[in-house]
2 protein chains.
Amino acid sequence: MPDQKNVPQCEFLFVHQEIVDRVNQALPSEETLFDLAELFKVFGDSTRVKILYVLFEAEMCVCDIAQLLGMTQSAISHQLQVLKKSKLVKYRREGKTVFYSLADDHVRAILGQGMDHVTE
Amino acid sequence: MPDQKNVPQCEFLFVHQEIVDRVNQALPSEETLFDLAELFKVFGDSTRVKILYVLFEAEMCVCDIAQLLGMTQSAISHQLQVLKKSKLVKYRREGKTVFYSLADDHVRAILGQGMDHVTE
DNA sequence: CTTTCATATGAGCAACTGTTCATATATATA
DNA sequence: TATATATATGAACAGTTGCTCATATGAAAG
């Protein structure tokens, strides 16, 4: 962030200096906030959300997911790589087939919180 | 979705027909899943996450937020409109100034769940 | 070794996103 | 009314994203 802290753009900055200080202390690091946004970005796509919901129920191979969602194998595989990179899913090879499943219960918790907000 | 349900692309689809049926039942509606992804999309940007974290601490006017984050008033205002449209923040006018605050505690809960996953 | 099947991956493209810049709106004050 | 301040907003542009298509990789079977 540029050093503009002492160049107020409105009179309220100094009126609320205590609040500004408190916020600055409470604000997580730039890196943490970036990672957090990156995480939510992964959840911010219909296809990926669908894949995660499918894996809620059972581990599943790539082509079954594609079949279920009516999408191409390539599209699903690309998105599974995104989910894998974010450590939201894990996989298990069995012969020619690769089975994907949810990495842990955080995924359920996050989706659940979002669902609460959407369906209320 | 195209009607490809009876054109298996791999042998596992029919081996796991029961699972496919169960998943199809458990899967929320297309519209709900779309809304869910749209919600997470809003959280999927550093600037917006920062704004929300700032509002965690206190209601704040546009220019104070811009000041705090070292960004232009315009950029912050644009993002506040996005957050407003998603009903994640509310605002209160006081003379020339507009104060923004979190709309409800869902926002905290969702960010908190994400933070758990990021900081573990 | 060759073929087949399931999956992964790179290039290319259209659609979307976040910022900047210029300007408009709204409120208060002289 | 004219001016100043705080915020909102539209256009434009660069950067990103998700899909398709073609092709590559990996594993099992002939």
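Below, chains carry the letters A, B, ... as their sequence lines are ordered, and counting in each starts from 1.
Taking both residues in full, the closest heavy atoms of A:Lys50 and B:Leu27 are given as O-CD1, 4.2 Å, listed atom of the first, atom of the second, then distance. Closest non-hydrogen pair, A:Leu69 versus A:Thr47, comes out as CD1-O, 4.4 Å. Listed here is the closest heavy atom pair of B:Cys61 and B:Thr97: CB-CG2, 3.2 Å. Pairing each heavy atom of B:Leu80 with each of B:Val89, the nearest pair is O-CG2, 4.2 Å. Across B:Val42 and B:Arg48, no two heavy atoms sit closer than the pair O-NE, 2.6 Å.
Looking at which nucleotide of DNA chain D each of A:Val82 and B:Val62 is closest to, the 5′-most match is held by B:Val62.
Between A:Tyr91 and A:Tyr100, the two ring planes are tilted [angle within 30° to 60°]. Under the 30°/60° scheme for interplanar angles, the aromatic rings of A:Phe40 and B:Phe43 are found to be tilted.
Evaluation of the salt bridge (charged side-chain N to carboxylate O under 4.0 Å, His left out) rule for B:Arg92 yields B:Glu59, B:Glu94 as partners, not counting sequence neighbours. Applying the side-chain hydrogen bond (donor to acceptor under 3.5 Å, both in side chains) rule to B:Lys84 yields the partners B:Gln81; only residues at least two apart in sequence or on another chain are considered.
Protein atom CD1 of A:Ile76 is 11 Å distant from nucleotide atom C1' of D:dG18, rounded to whole Å. One can place CG of A:Leu69 at 15 Å from P of D:dG18, the figure rounded to the nearest angstrom. For the pair B:Gln81 CD and D:dG10 P, the interatomic distance rounds to 10 Å; values are reported in whole Å.
Sorted by first and then second residue, the salt bridge (charged side-chain N to carboxylate O under 4.0 Å, His left out) pairs involving residues 110-120 of chain A (not counting sequence neighbours) form an empty list.
Not one side-chain nitrogen or oxygen of A:Tyr91 sits closer than 4.0 Å to the OP1 or OP2 atom of C:dA6. Residue A:Gln79 places no side-chain N or O under 4.0 Å from the OP1 or OP2 atom of D:dT17.
Where the helix from C:dC1-D:dG30 to C:dA30-D:dT1 starts and where it ends, the local axes point in directions that differ by 10°; five pairs per end, rounded to 10°.
Contacts between residues 32-48 of chain A and DNA chain D, defined by a heavy-atom separation below 4.0 Å, involve A:Lys41, A:Asp45, A:Thr47, A:Arg48, listed by number.
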**Prompt:** What does nucleotides 20-30 of chain D look like as a protein-contact string, B for base, S for sugar-phosphate only, - for none, at under 4.0 angstrom between heavy atoms?
**Reply:** BBB---BBS--
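By the 6.0 Å contact criterion, CZ on A:Phe56 is enclosed, its count of non-hydrogen atoms from other residues, nucleotides or ligands being greater than 12.
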